[in-house]
Amino acid sequence: MTFQEQILQGIPAVLPQPKPYEPQINHAPKRKEILTEEEKKLALKNALRYFEPHHHATLIPEFKAELETYGRIYMYRFRPDYRMYARPISEYPGKSEQAKAIMLMIQNNLDYAVAQHPHELITYGGNGAVFQNWAQYLLTMKYLAEMTEEQTLVMYSGHPMGLFPSHPEAPRVVVTNGMVIPNYSKPDDWEKMNALGVSQYGQMTAGSYMYIGPQGIVHGTTITVLNGFRKIKKSPKGGLFVTSGLGGMSGAQPKAGNIAGCVTVCAEVNPKITHIRHSQGWINEIIENIDELVPRVKKALAAQEVVSIAYLGNIVDVWERFDQENLHIDLGSDQTSLHNPWAGGYYPIGYTFEESNDLMANNPEKFKEEVQKTLRRHAAAINKHTAKGTYFFDYGNAFLLESSRAGADVMNDHPTLGREFKYPSYVQDIMGPMCFDYGFGPFRWVCASGDPEDLAKTDKIACDVLEEMMKTAPEEIQQQMADNIQWIKGAQENKLVVGSQARILYADAEGRIKIAEAFNQAIARGEIGYVILGRDHHDVSGTDSPYRETSNIYDGSRFTADMAIHNVIGDSFRGATWVSIHNGGGVGWGEVINGGFGMVLDGSKAASRRLESMLFWDVNNGISRRSWARNEGAVFAIKRAMETQPLLKVTIPNVVDDGLLDF
């Protein structure tokens with residue numbers, strides 16, 4: 001069968017042969033045993049819903065074995081034989097070009113070069129899933145291939161509910177992930193519902209089909225590292241950045257350090273992912289012995305090298321040893337998946353990677369105890385460095401939150417409103433006031449042709465637009481503009497593409513609209529193929545996350561999620577090709593609500609109308625919320641937006657003289 005025939009087939013009528021387990025692939029760890037015997041039967045009944053009854057007797061023992069061995073039913077037998085990657089849009093079967101674009105993005109999320117655990121349909125973060133099982137994938141791709149512009153596909157946590165009548169202006173796909181009743185949003189609730197096959201953790205851009213490999217976070221991390229050094233008034237040249245985590249998105253850290261121009265040490269316990277990142281060029285060197293790491297770092301600092309070093313071992317060893325050696329760390333952070341601390345997101349010191357995985361699956365209480373003990377040591381070592389002048393920030397991975405729950409010394413002795421911890425979230429100190437408040441966030445695009453020449457052309461178009469805008473940009477946003485122009489000019493040189501021909505840069509609403517319109521005009525002239533617009537959920541208005549994206553909101557509304565919900569509703573009727581809303585994201589199940597979108601540009605006037613309407617709302621919805629929280633940069637930005645758009649009228653806060661409140 002051809003690739004197109006396999007897509008159109010969906011779930012095959014004749015069972016394919018069982019697939020062998022491939023140990024060379026990076027697999028998800030076994031999930032902990034959480035279902036009762038009756039619930040295991042329910043999980044099997046739920047899985048078998050996808051298959052004709054005459055197949056049930058064959059599949060029951062197989063699915064039962066998967067549930068017992070891995071803690072989930074992945075349906076490995078139904079994994080497609082064709083290579084998984086983002087093909088040119090012309091190679092997909094279908095009646096809707098928009099639907100074909102979505103198929104392209106789904107396959108990109110599952111590309112072996114992109115996905116963290118491709119056979120388990122997990123893109124990044126340890127549990128960020130595109131689908132729960134392979135039957136869902138097969139059925140979704142078939143629906144997309146059959147879809148017309150008069151239909152919308154509804155997705156329930158990876159499950160394709162079906163095609164529903166709609167109209168050309170409606171989204172082609174509406175995605176929800178993990179949208180559970182709030183009182184059932186604890187980590188074990190996710191474990192149980194995911195094991196039952198009724199809910200999934202979509203992370204941010206995994207379950208919304210908009211992940212573009214580590215490049216997405218490379219740009220954000222580069223901006224964070226650059227501004228971190230600016231904050232301590234030091235050049236990155238000859239500076240040291242220490243962090244941990246190379247799986248999924250966090251593989252971006254060493255690449256960002258190289259672009260910023262410092263020495264980066266990034267610890268990782270998983271040998272497989274460490275060597276993958278090295279082979280992909282995201283890190284320069286791997287060192288497995290702490291005794292070798294120290295002199296190598298000293299030499300690099302003395303020579304002011306620009307180098308990234310992966311330490312294959314536990315990050316606590318690095319912090320403790322560097323303290324003993326009095327080796328000064330300028331910037332410190334952490335990017336392990338602490339939203340997922342008990343299922344592979346963070347590993348305890350004193351155990352090998354294999355021992356940790358065994359403990360996680362077979363003695364979860366002991367594993368949790370060891371993780372929390374390690375977090376206490378980790379925090380204690382960081383405290384010693386910050387006492388010597390290290391600038392440490394939480395990189396939005398719930399490090400401080402989980403450390404506090406473990407009893408680590410990370411709480412602020414004199415808490416101010418919204419600042420519970422000793423150390424700031426990077427959003428509080430860097431991304432929030434410098435970028436998000438002004439409307440700058442991770443705008444991204446994918447060239448649907450798959451042609452690298454199209455990506456080069458779009459890079460130039462975007463750069464030309466930004467350079468023209470910078471001529472008249474107000475002083476308040478000159479630095480943001482300059483950083484993005486520098487980024488886009490170096491994008492090709494830094495070889496950031498993994499998977500689809502994609503690019504990201506931080507832009508405000510004006511920049512996004514002008515760049516997108518320039519793309520659309522180039523498509524209309526036949527200079528480039530279709531372009532798929534999107535963004536990270538980690539943005540100005542897509543995400544309500546009290547310890548990350550909205551951590552610099554100090555009016556008491558950090559724990560509300562109106563903004564994210566309004567964002568996705570507004571995008572839906574302003575022209576998005578698909579929209580998504582998730583519980584979870586990078587800080588943990590129950591800790592955040594985040595929304596995203598995708599939009600296909602086809603060179604039409606309708607696309608121009610949609611992009612202007614939707615992108616303006618997608619950004620200014622968030623600026624208005626930040627303005628109402630009395631954030632100075634956001635007040636400036638929303639007033640400027642009202643000057644350019646007469647139909648925009650936003651309530652501006654009146655500021656109270658604090659002296660009047662001294663009673």
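Throughout, numbering of the chain's residues begins at 1 and tracks the sequence. Heavy-atom basis, side chains included; hydrogens, waters and symmetry copies ignored.
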- Message: Which label fits Tyr209 and Trp578: parallel for a plane angle under 30°, tilted from 30 to 60°, or perpendicular past 60°?
- Response: tilted

- Non-neighbouring partners of His278 that pass ring-ring contact (aromatic ring centres under 6.0 Å, His included), sequence neighbours left out: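 Testing His278 for ring-ring contact (aromatic ring centres under 6.0 Å, His included), a comparison that skips the adjacent residues, returns none.
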
- Task: Can you sort out the partners of Tyr347 under ring-ring contact (aromatic ring centres under 6.0 Å, His included), two or more places apart, ordered by chain and number?
- Result: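 Residues passing ring-ring contact (aromatic ring centres under 6.0 Å, His included) with Tyr347: Phe353.
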
Looking only at heavy atoms, which two atoms of [X] and [Y] are closest? And how far apart?
X: His566; Y: Asn621; result: CB-OD1, 4.2 Å
X: Arg87; Y: Leu104; result: O-CD1, 3.2 Å
X: Val540; Y: Gly441; result: CG2-N, 4.2 Å
X: Gly499; Y: Asp111; result: CA-OD2, 3.8 Å
X: Lys100; Y: Gly94; result: CE-O, 3.6 Å
X: Thr264; Y: Asn258; result: OG1-N, 4.5 Å

Looking at [Y], is its backbone amide N or carbonyl O close enough to the side chain of [X] to form a donor-acceptor pair, meaning the two atoms are under 3.5 Å apart?
X: Asp508; Y: Gly511; result: yes
X: Arg49; Y: Asn46; result: yes
X: Thr543; Y: Asp539; result: no
X: Arg444; Y: Gly534; result: no
X: Ser580; Y: Thr176; result: no
X: Lys32; Y: Ala361; result: no
X: Ser208; Y: Gly596; result: no
X: Tyr211; Y: Met204; result: no
X: Tyr346; Y: Asn340; result: no
X: Asp544; Y: Ile593; result: no

[X]-[Y] side chain donor-acceptor pair, cut-off 3.5 Å:
X: Thr205; Y: Tyr124; result: yes
X: Tyr76; Y: Glu62; result: no
X: Gln200; Y: Asn177; result: yes
X: His219; Y: Asn484; result: yes
X: His339; Y: Gln203; result: yes
X: Thr221; Y: Gln253; result: no
X: Trp487; Y: Thr222; result: no

Does any non-hydrogen side-chain atom of [Y] lie less than 4.5 Å from one of [X]?
X: Ile217; Y: Tyr395; value: yes
X: Leu138; Y: Pro12; value: yes
X: Glu97; Y: Asp602; value: no
X: Leu144; Y: Ile106; value: yes
X: Met210; Y: Arg535; value: no
X: Pro118; Y: Ile25; value: yes
X: Lys255; Y: Leu496; value: yes
X: Leu15; Y: Leu59; value: yes

Please report the interatomic distance [atom1]([X]) to [atom2]([Y]), rounded to the nearest 0.5 Å.
X: Asp188; Y: Met193; atom1: CG; atom2: CE; value: 10.5 Å
X: Asn397; Y: Thr336; atom1: CG; atom2: OG1; value: 5.0 Å
X: Ser279; Y: Ile286; atom1: OG; atom2: CD1; value: 8.5 Å
X: Ile122; Y: Asn109; atom1: CD1; atom2: CG; value: 12.5 Å
X: Glu66; Y: Asn133; atom1: CD; atom2: CG; value: 9.5 Å
X: Asn583; Y: Ser157; atom1: CG; atom2: OG; value: 9.0 Å

- Message: With a 6.0 Å cut-off (strictly less than), is the heavy-atom count around CD of Glu453, excluding the residue itself, greater than 12?
- Response: no

Check [Y] with [X], please: is the shortest side-chain N to carboxylate O separation under 4.0 Å?
X: Arg574; Y: Asp618; answer: no
X: Asp394; Y: Arg548; answer: no
X: Arg31; Y: Glu120; answer: no

- Ring center gap for Tyr70 and His117 short of 6.0 angstrom: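 Tyr70 vs His117: aromatic centres not under 6.0 Å.
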
- Query: Within 45° of the axis and under 6.0 Å from the centre of the six-membered ring of Trp190, does NZ or CZ of Arg72 qualify?
  - Reply: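 Yes, Arg72 sits over the ring of Trp190.
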
- With respect to Tyr137, which candidate in Gln107, Gln132, Arg79 satisfies the side-chain hydrogen bond (donor to acceptor under 3.5 Å, both in side chains) definition?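 The single option meeting the side-chain hydrogen bond (donor to acceptor under 3.5 Å, both in side chains) with Tyr137 is Gln107.
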
- Item | Verdict with reasoning, Leu246 to Trp282, per side-chain contact (heavy atoms from CB on, under 4.5 Å) | CA-CA 9 Å; Leu246 284 172; Trp282 295 90; over 6 Å; no

- Query: Among Tyr21, Tyr112, Tyr74, Phe78, which residue meets the ring pair (Phe, Tyr, Trp, His ring centres under 6.0 Å) test with His119?
  - Reply: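 Between His119 and the candidates, ring pair (Phe, Tyr, Trp, His ring centres under 6.0 Å) is satisfied uniquely by Tyr112.
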
Ignoring hydrogens and angles, write down the donor-acceptor pairs under 3.5 Å from the side chains of residues 3-10, residues two or more places apart or on other chains.
unit_1 : atom_1 : unit_2 : atom_2 : d
Gln4   : NE2    : Glu91  : O      : 2.9
Glu5   : OE1    : Thr2   : N      : 2.9
Glu5   : OE1    : Thr2   : OG1    : 3.4

